[in-house]
Amino acid sequence: MSFTDQYIVHEHDVLVIGAGGAGLRAAIEASAAGVKVGVICKSLLGKAHTVMAEGGMAAAMGNVDDRDNWEVHFADTMRGGQYLNNPIMVEHHAKEAPARVLELESWGAVFDRTKEGKILQRNFGGHRYPRLAHVGDRTGLELIRTLQDHGIHQGMEVFMEMTVVSLLTTGGRISGVLGYDRERGRMHVWKAKAVVLATGGIGKSFRITSNSWEGTGDGHALAYEAGAELMDMEFVQFHPTGMVWPPSVRGILVTEGVRGEGGVLRNSEGKRFMFDDVPDAYRNQVAKDEEEGWRYVCGDKNANRPPELLTRDHVARCINREIKAGRGSPHGGVYLDIGWIKEKLPNASAHIQRKLPSMYHQFKQLAGVDITTEAMEVGPTTHYVMGGVAVDGHTQMSCVPGLFAAGEVTAGLHGANRLGGNSLSDLIVFGKLAGEHAAKFVKEHGAVEVDQAQVEAHTRAIMAPFDRPNGENPYGIQQDLQNTMQDLVGIVRVQGEMELALAKIEEYKARLKNVGVIGHREYNPGWHTAIDLPCMLTVSESITRSALDRKESRGAQFRDDYPEKSAECSTFNLVAKKAPDGSMQVTRRPILQMRDDLKAVIEKMK
Amino acid sequence: MSTQTATAAITTPKPPADHARPVHFRIWRGDKDTGAFVEYTVNVTEGMVLLDCVHRIQAEQASDLACRWNCKAGKCGSCSAEINGKPSLMCMTRMDTLPPDKVVTVEPMRSFPLIRDLVTDVSWNFRVKKTIKPFKPRKPDNADGSWTMFQQDIDRVQEFRKCIECFLCQDVCHVIRDHHKEDEFIGPRFLMYTAALEMHPLDTEDRVGDLKNRDGIGYCNITKCCTKVCPEHIGITDNAIIPMKERVVDEFYDPITRLFRIFKGKK
Ligand SMILES: Cc1cc2nc3c(=O)[nH]c(=O)nc-3n(C[C@H](O)[C@H](O)[C@H](O)COP(=O)(O)OP(=O)(O)OC[C@H]3O[C@@H](n4cnc5c(N)ncnc54)[C@H](O)[C@@H]3O)c2cc1C
Ligand code: SF4
Ligand code: SF4
Ligand code: FES
């Protein structure tokens with residue numbers, strides 16, 4: 001069979017992998033630059049992870065508190081990321097986000113309003129002022145639908161329910177990608193002059209997660225295999241509030257917006273335990289008592305935030321501590337109570353339903369809990385990965401020429417811990433930047449031929465499970481891996497357990513060689529899981545190796561054997577790269593030095 | 001349609017854990033040419049939703065059972081199916097809300113062409129959306145490029161924008177389901193999408209002519225079946241379709257309003 005009989009071949013200038021906020025924004029930008037754009041996504045258009053985002057997107061517009069500006073946002077993001085962030089990206093993000101949010105409005109987004117008719121902004125953990133533009137608790141839906149409805153008229157070609165299985169390179173440069181379609185299981189080759197990765201997160205490597213089946217870290221693994229670097233992979237964000245009961249919904253997110261609207265955390269003794277442990281870096285920004293905390297929620301500019309709105313890493317660890325100390329709720333969580341605000345507000349029930357409609361709905365329907373009168377049971381859930389493809393902060397290009405990345409798959413903006421709301425703004429700010437520079441790259445560089453031998457080798461590898469109908473069921477390995485990562489490389493880490501995890505990952509790699517699937521290539525979830533597994537293993541290995549190498553506790557990484565921050569560790573990011581012998585090498589890279597004017601901003605905001 | 005042998009039905013699951021009760025399912029298996037119901041049994045524990053059962057069948061008994069899902073929390077609109085004949089989201093259907101001791105029937109949405117098992121070809125919806133004239137805002141009100149809009153002016157549009165594009169309303173609407181008017185009728189989802197654009201305070205485009213002449217708003221005879229199945233509880237018929245029907249009447253059949261509009265500009 002000839003190459004073109006075996007593969008459906010497409011050709012684009014810029015090919016975007018992923019149709020979440022980052023991918024769509026990149027595709028819109030590249031289309032605007034007049035190049036031919038394709039977008040590939042694993043699900044239907046509009047269903048990507050971004051649709052699930054709830055609380056809002058951070059942009060220092062100052063609509064609610066006019067003391068807010070890009071400098072405060074910059075300092076908040078750096079402090080939240082414990083200064084491992086790329087300052088150039090943080091600066092660009094803080095300066096650009098307001099314009100990107102307004103642009104969404106010009107494309108039809110309808111944000112909640114202030115009394116003066118401006119875009120309303122809400123409080124979120126780690127943001128000094130109310131900063132999150134939002135639509136109730138369905139901001140992600142608004143974002144993705146706006147980009148989708150605008151994007152379909154910009155000339156991009158969309159390939160839905162197709163999965164990319166490898167990036168193709170020729171002489172070290174990107175030349176295209178290989179993938180399959182879900183419906184028929186046919187193989188496709190997309191030739192492209194530049195590729196933008198916007199594949200989102202990795203949560204599915206853990207047992208308890210807020211992520212959907214899509215979060216298998218494909219983009220991370222594809223980039224790694226193509227020679228790109230994965231940076232900061234040890235930093236996995238465990239969101240403090242996921243549902244814990246009933247078991248089938250364990251991990252599903254409870255938005256931080258609940259706490260932004262006045263929700264409080266209590267243990268089984270009814271105590272607001274978050275007041276007990278306030279980190280020094282935040283001491284002069286936290287309310288001294290419950291009364292001050294409530295005034296903050298109500299918008300009193302002289303009040304400090306309640307401790308429930310400290311950064312996620314800290315809140316998650318406090319919850320973990322309460323549960324371990326035996327002060328948890330019956331199903332192994334703690335209580336999150338928003339209903340209590342009826343002591344303060346006349347029509348609290350209606351207020352909650354208007355501000356948090358999908359949380360109300362979600363608990364009512366899935367857990368049989370009425371959040372306007374009953375407390376929710378919540379516990380930490382694997383939510384977001386700060387680490388990802390290392391890119392140039394000015395262009396979003398990785399070290400592989402022609403390979404760009406944007407959104408959750410990228411490292412740099414969030415450092416050791418992401419502030420809530422900084423992801424949705426990340427998507428539109430850096431999606432645009434990646435799209436712009438990918439189009440520019442295309443105009444400056446010609447096409448390169450696809451290497452057919454590479455395509456054929458990759459194809460053989462993904463078809464192999466069909467030759468082993470009696471091989472091991474891929475779901476078994478997936479489950480074992482999720483348990484390993486959850487139990488051994490989770491919220492609290494120690495060297496011995498992580499070494500055990502590495503050994504187990506090696507064992508799963510060996511078992512993967514014997515994985516088998518039944519049935520046909522059409523819409524076959526077993527086969528798809530078999531294809532996802534190598535990606536999940538690469539991601540898990542990079543997380544574990546980096547976490548082992550960072551012998552300190554910082555941001556999202558907490559090590560029981562090194563519970564303090566170390567000055568030495570504040571000087572480097574960890575970078576995982578595939579060595580010539582195929583093994584994974586993790587090296588230390590000095591952090592990017594901040595310009596003096598940016599250092600001055602940090603000082604000013606202290 | 002020919003039938004396929006029900007091999008998967010003979011696999012028996014592990015004995016029930018504490019509090020688990022066995023529930024019997026009939027799930028449609030097949031593709032566009034052939035298909036049949038296949039029986040499965042799942043041990044259901046407290047709090048499980050139907051999608052959990054489908055996943056368990058995938059993991060333990062039929063790894064090639066096709067279904068769509070993403071968020072598992074009613075937010076993405078991927079997992080639409082017909083459960084005991086009712087168009088519903090699988091992830092939001094608690095097992096304890098279905099009649100106990102009865103076989104649970106799970107079928108794909110019947111109005112769309114079948115791809116495989118529970119997965120249908122919903123691409124028509126994406127094509128329809130593209131034909132609707134996009135948002136066209138008026139010039140910004142303020143120097144910084146922003147607009148002034150008040151909450152009370154956007155409440156209705158925000159209601160429509162809650163739509164998760166599950167297409168359950170399209171599935172249930174008899175104009176599509178029974179009369180197959182896909183070429184002349186855009187369905188409740190897109191009548192409502194058009195309404196959201198028309199009622200957007202900033203929009204300056206006119207889509208009323210399209211609603212009447214091309215989108216088939218006249219086919220809707222206000223049965224409200226769409227509203228009943230909408231998982232987002234959007235008032236599709238009362239709040240979107242009826243007001244749009246009124247605009248069509250105003251614009252095309254009422255000469256005074258029409259003249260008035262010509263003088264005043266569109267909205
Ligand atoms: C429940 C929840 C609530 C959240 N709330 C907030 C919030 O309030 N504020 C905030 O800022 N952030 C929030 N986040 C985080 C934020 O939503 C995500 O980080 C962000 O949406 C990621 O966007 P993305 O564009 O990078 O990727 P995604 O939206 O995850 O999209 C990834 C895309 O890549 C595609 N893809 C992946 N792999 C492949 C492949 N191999 N081949 C082809 N396509 C592929 C997928 O199909 C998808 O289209 C939340 C996250 C969750 C889970
Ligand atoms: S009300 Fe109209 S659109 Fe809705 S189901 Fe009935 S006929 Fe269809
Ligand atoms: S209007 Fe309701 S039923 Fe129709 S697609 Fe939207 S959410 Fe689904
Ligand atoms: S899986 Fe998203 S709505 Fe059911």
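Protein chains get the first letters and strands the later ones, always in sequence-line order, with residue 1 at the start of each.
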| query | Under the side-chain contact (heavy atoms from CB on, under 4.5 Å) criterion, do B:F126 and A:V158 qualify, and how do the steps go? | reply | CA-CA 11 Å; B:F126 291 90; A:V158 183; over 6 Å; no

| Side chain, backbone, both or neither: which part of B:V49 has an atom under 4.5 Å from a heavy atom of chain A? | both

| Which region of A:Q479, side chain (C-beta onward) or backbone (N, CA, C, O), has a non-hydrogen atom less than 4.5 Å from a non-hydrogen atom of chain B, or is it both or neither? | neither

| task | Can you measure from CD (B:Q151) to NZ (A:K115) and round to the nearest 0.5 angstrom? | result | 11.0 Å

| query | Going by atom types only, do B:R161 and A:T146 share a side-chain donor-acceptor pair under 3.5 Å? | reply | yes

| query | Checking side-chain contact (heavy atoms from CB on, under 4.5 Å) for the pair B:R68/A:R182: CA distance, chi angles, key distance, verdict? | reply | CA-CA 11 Å; B:R68 281 197 183 101; A:R182 210 157 267 270; over 6 Å; no

| remark: Ranked by heavy-atom pairs below 4.5 Å to chain B, first place among A:V51, A:D149, A:V517 goes to A:D149

| query | chain B: which of A:P98, A:P247, A:P246 shares the most heavy-atom pairs with it under 4.5 Å? | reply | A:P246

| remark: Cut-off 4.5 Å, heavy atoms of chain B, and the answer for A:S43 is side chain

| said: Shorter than 4.5 Å, heavy atoms on both sides: which option in B:L51, B:L65, B:V157, B:L202 has the most such pairs with chain A? | reply: B:L65

| task | To the nearest 0.5 Å, tell me how far A:R521 CZ sits from B:D64 CG. | result | 15.0 Å

| task | Check each atom of A:L141 against the heavy atoms of chain B and say whether the ones under 4.5 Å are side chain, backbone, both or neither. | result | side chain

| remark: When the 4.5 angstrom heavy-atom criterion is applied to B:F150 and chain A, the contacting part is both

| Quick one: what part of A:W245 sits under 4.5 Å from any heavy atom of chain B, side chain, backbone, both or neither? | side chain

| remark: Bottom line for B:D52: the part with an atom under 4.5 Å from chain A's heavy atoms is side chain

| remark: Assert top hit (heavy-atom pairs under 4.5 Å, partner chain B, pool A:H49, A:R145, A:K118) equals A:R145

| query | Which value, rounded to the nearest 0.5 Å, describes the distance between A:R113 atom CZ and B:T148 atom OG1? | reply | 8.0 Å

| task | Measure distances from A:H520 to the heavy atoms of chain B and classify the residue's part below 4.5 Å as side chain, backbone, both or neither. | result | side chain

| request: Test A:S248 against every option in B:M48, B:M95, B:E46, B:H55 by the side-chain contact (heavy atoms from CB on, under 4.5 Å) rule and name the one that passes. | output: B:M48

| task | Rounded to the nearest 0.5 Å, what's the gap from OG on B:S123 to CG on A:L44? Could you check? | result | 9.5 Å

| note | Assert top hit (heavy-atom pairs under 4.5 Å, partner chain A, pool B:C71, B:G74, B:G47, B:S63) equals B:S63

| query | Between A:Q478 and chain B, which part of the residue has a heavy atom less than 4.5 Å away: side chain, backbone, both or neither? | reply | neither

| message | With chain B as the partner, which of A:N473, A:N524, A:L366 has the greatest number of non-hydrogen pairs under 4.5 Å? | response | A:L366

| Would you say A:Y523 and B:D117 make side-chain contact, with heavy atoms under 4.5 Å? | no

| What distance separates A:Q365 CD from B:R94 CZ, expressed to the nearest 0.5 Å? | 9.5 Å

| query | Looking at A:G108, A:G526, A:S212, which one has more heavy-atom pairs under 4.5 Å with chain B than the rest? | reply | A:G108

| Can you say whether A:D112 sits under 4.5 Å from chain B via the side chain, the backbone, both, or neither, judging by heavy atoms? | both

| said: Strictly less than 4.5 Å between heavy atoms, which residues of residues 132-140 of chain B line up against chain A? Please order them by number. | reply: B:I132, B:P134, B:F135, B:P137

| What part of A:E54 lies closer than 4.5 angstrom to a heavy atom of chain B: side chain, backbone, both or neither? | side chain

| Which of the residues A:L45, A:V135, A:T529 is involved in the greatest number of heavy-atom pairs with chain B at under 4.5 angstrom? | A:L45

| said: Between A:I119 and chain B, with a heavy-atom cut-off of 4.5 Å, which part of the residue counts as in contact: side chain, backbone, both or neither? | reply: neither

| Atom pair CD/CD1 of B:E165 and A:I144 - distance to nearest 0.5 Å | 10.0 Å

| note | When the 4.5 angstrom heavy-atom criterion is applied to A:M160 and chain B, the contacting part is side chain

| Polar side-chain atom of A:E214 near backbone of B:N70 as donor-acceptor pair, under 3.5 Å | no

| task | Decide whether a cation-pi geometry holds between A:K47 and B:F167; the criteria are a distance under 6.0 Å from NZ or CZ to the six-membered ring centre and an angle within 45° of the ring axis. | result | yes

| Minimal non-hydrogen separation, A:Q362 against B:K75, with atom names | OE1-NZ, 2.6 Å

| So what's closer than 4.5 Å to chain B heavy atoms on A:I152: side chain, backbone, both or neither? | both

| Would you call the rings of B:H233 and A:H361 parallel, tilted or perpendicular if under 30° counts as parallel and over 60° as perpendicular? | perpendicular

